[in-house]
Participant: 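The structure is given below, and queries will be raised subsequently.
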2 protein chains.
Amino acid sequence: MPEKISDAEHTVMEVLWDESPLTAQDVAERIPATRDWTANTVKTLLGRLLAKNIIAHEADGRRYLYRPLVQRTDYVAGESKRLIDRLFGGKLTPLVAHLAERDELTAQDIAEIEVLLKGLKG
Amino acid sequence: MPEKISDAEHTVMEVLWDESPLTAQDVAERIPATRDWTANTVKTLLGRLLAKNIIAHEADGRRYLYRPLVQRTDYVAGESKRLIDRLFGGKLTPLVAHLAERDELTAQDIAEIEVLLKGLKG
DNA sequence: CCGTACTGATTACAGCTGTAATCGTATCGA
DNA sequence: TCGATACGATTACAGCTGTAATCAGTACGG
């Protein structure tokens with residue numbers, strides 16, 4: 001049911017999740033400069049997202065306004081779960097352990113997570 | 001530099017990470033039954049992984065033995081980082097917070113992570 | 001010695017992706 | 001009114017992916 005969002009499409013989605021509805025041109029202007037896309041490329045991606053029912057558009061005069069149909073939270077949940085399932089047997093602990101082992105957690109990260117978990121227990 | 005591993009290829013890699021070196025047939029036999037692949041499909045994927053320099057093969061008579069060149073740990077690190085960068089601005093805390101909000105952390109998960117973090121601080 | 005079976009290599013082919021260019025139509029400025 | 005613009009829609013096209021089938025070489029059983 002949830003159509004797959006490709007990498008390039010995801011870039012477009014981040015723009016719309018941040019602010020919407022937007023015209024195609026507005027979206028194009030907000031795409032990070034590192035992805036050196038033409039306006040046409042952005043329009044193609046908007047078209048594909050429409051076809052996949054991941055965004056919708058409503059007419060605004062001779063142009064369209066685009067808005068997400070899928071919530072970012074849901075997308076993020078799906079992607080997180082997929083990764084943790086695939087690589088960590090579905091458990092979060094090994095992910096944290098893994099990052100810790102590779103020294104990819106700062107003392108502050110650790111402190112933050114501890115506070116967060118404390119809150120969850122209460 | 002690190003060539004991209006596709007989803008189907010990843011399935012093959014998990015087999016080799018679990019046990020290697022293996023012949024193509026051994027690999028095929030160990031592929032989870034849920035991926036209903038023919039032996040040919042597995043050989044194609046082995047060939048692609050070879051071409052990408054992600055695995056190597058050594059002759060063993062008229063057949064080959066395949067082994068990983070990339071460590072699972074490194075792959076996992078890359079994928080984890082990519083996800084966390086893309087979806088959580090590079091910080092782990094929001095991922096944990098996110099999973100917590102969606103009730104995807106059991107009490108035991110929380111306890112385990114706390115123990116883990118305690119160990120890291122000491 | 002001959003066919004059969006097994007192995008890797010080559011080829012196939014449709015669908016998805018990244019990245020546009022071009023086309024058709026409507027609008028706006030001169 | 002006429003050409004320049006701006007938009008979305010259609011078309012393009014190569015590379016990657018998933019999923020094989022077919023081919024070519026060789027070793028083994030009879």
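Keep in mind the model is a prediction, meaning the values are calculated, not measured. Lettering of chains follows the sequences in order, A, B, ..., and the numbering in each one begins at 1.
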Participant: Compare side-chain N and O positions of Lys43(B) against OP1 and OP2 of dG18(D) and report whether any pair is under 4.0 Å apart.
Facilitator: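 Looking at the OP1 and OP2 atoms of dG18(D), neither is under 4.0 Å from any side-chain N or O of Lys43(B).
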Participant: Hey, could you give me the OG/CG distance between Ser80(B) and Asp85(B), rounded to the nearest 0.5 Å?
Facilitator: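 Between atom OG of Ser80(B) and atom CG of Asp85(B) there are 10.5 Å.
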Participant: Round to a whole Å and report the spacing from NZ of Lys4(B) to C1' of dG15(D).
Facilitator: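 Atom NZ in Lys4(B) sits about 15 Å away from atom C1' in dG15(D).
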Participant: Please pick, from dT7(C), dT19(D), dC7(D), the nucleotide with the shortest atom-to-atom distance to any side-chain atom of Arg62(B).
Facilitator: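 Between dT7(C), dT19(D), dC7(D), the one nearest the side chain of Arg62(B) would be dT7(C).
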Participant: So, is Thr23(A) near the phosphate of dC7(D), with a side-chain N or O under 4.0 Å from OP1 or OP2?
Facilitator: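 Checking dC7(D) against Thr23(A), no side-chain N or O comes under 4.0 Å of OP1 or OP2.
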Participant: With hydrogens left out and only the distance checked, is there a donor-acceptor pair under 3.5 Å joining Arg63(A)'s side chain and the base of dT25(C)?
Facilitator: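 When only heavy-atom distances are counted, Arg63(A) does not reach the base of dT25(C) through any donor-acceptor pair under 3.5 Å.
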Participant: With no angle test and no hydrogens, is the base of dA20(C) tied to the side chain of Thr44(A) by a donor-acceptor pair under 3.5 Å?
Facilitator: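 Yes, the side chain and the base share a sub-3.5 Å donor-acceptor pair.
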Participant: Can you name the nearest heavy-atom pair linking Glu79(A) to Leu83(B), along with the distance?
Facilitator: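 That would be O-CD1, 3.8 Å.
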Participant: Report yes or no: is there a donor-acceptor pair, N or O only, under 3.5 Å between the side chain of Arg48(B) and the base of dT19(D)?
Facilitator: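 Counting by modelled atom types and ignoring angles, a donor-acceptor contact under 3.5 Å is found here.
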Participant: Does Ser6(B) put a side-chain nitrogen or oxygen below 4.0 Å from OP1 or OP2 of dG18(D)?
Facilitator: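 The answer is yes; a side-chain N or O of Ser6(B) sits under 4.0 Å from OP1 or OP2.
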Participant: Considering all heavy atoms of both residues, which atom of His98(B) and which atom of Ala77(A) are nearest to each other, and what is their separation?
Facilitator: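 What the structure gives for the nearest pair is NE2-CA, 3.2 Å.
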Participant: Ignoring backbone atoms, test whether Gln25(B) places a side-chain nitrogen or oxygen under 4.0 Å from the OP1 or OP2 oxygen of dC6(C).
Facilitator: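 No, Gln25(B) has no side-chain N/O under 4.0 Å of OP1/OP2 on dC6(C).
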Participant: Once you apply a heavy-atom cut-off of 4.0 Å, does Asp36(A) come out as touching a base, just sugar-phosphate, or nothing?
Facilitator: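 Touches sugar-phosphate only.
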Participant: Verify the contact: side-chain N or O of Arg35(B) to OP1 or OP2 of dT19(D), cut-off strictly under 4.0 Å; return yes or no.
Facilitator: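 For Arg35(B), the contact criterion (side-chain N or O under 4.0 Å from OP1 or OP2 of dT19(D)) is met.
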Participant: For Leu46(A) and dA20(C), what is the distance between atoms CG and P respectively, to the nearest whole Å?
Facilitator: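 After rounding, the gap between these two atoms is 15 Å.
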Participant: Do Leu46(A) and Leu16(A) have side-chain heavy atoms sitting under 4.5 Å apart?
Facilitator: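 The answer is yes; the side chains approach within 4.5 Å.
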Participant: Would you name the heavy atoms of Glu114(B) and Lys118(A) that are closest together and state the gap between them?
Facilitator: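 Distance-wise, the nearest heavy atoms are OE2-N, 4.1 Å.
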Participant: Send over the distance from His10(A) NE2 to dG18(C) P, rounded to a whole Å.
Facilitator: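 Nearest whole value for this atom pair: 12 Å.
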Participant: Nearest whole Å is fine: how far is dC16(C) P from Ile5(A) CD1?
Facilitator: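 Rounded to the whole Å, the gap is 15 Å.
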Participant: Given dT19(C), dG8(C), dT17(C), identify the nucleotide with an atom nearest to the side chain of Tyr64(B).
Facilitator: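 The answer is dG8(C).
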Participant: Output the rounded distance in Å from CD (Glu9(B)) to C1' (dT19(D)).
Facilitator: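 Value for this atom pair: 13 Å.
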Participant: Nearest whole Å is fine: how far is dC16(C) P from Asp7(B) CG?
Facilitator: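 Answer to the nearest Å: 15 Å.
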Participant: Hey, does the side chain of Lys43(B) reach the backbone of Ala24(B) with a donor-acceptor pair shorter than 3.5 angstrom?
Facilitator: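 No; judged by distance alone, with no hydrogens or angles, the pair does not exist.
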Participant: Taking only the side-chain heavy atoms of Ala24(B) (C-beta and beyond), determine which of dG8(C), dT19(D), dT17(D) contains the nearest atom.
Facilitator: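 That would be dG8(C).
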Participant: Report which part of the nucleic acid Thr41(B) touches: base, sugar-phosphate, or nothing (heavy-atom distance under 4.0 Å, all strands).
Facilitator: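 The residue Thr41(B) makes base contact.
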Participant: Whole angstrom is fine here: how far is it from NZ in Lys52(A) over to P in dC16(C)?
Facilitator: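 After rounding, the gap between these two atoms is 8 Å.
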Participant: Measure from CG on Leu49(B) to C1' on dC16(D) and round the result to the nearest Å.
Facilitator: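 Result: 13 Å.
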Participant: Between Tyr66(B) and Asn40(A), which residue's closest nucleotide on DNA chain C lies nearer the 5′ terminus?
Facilitator: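 Upstream on the strand: Tyr66(B).
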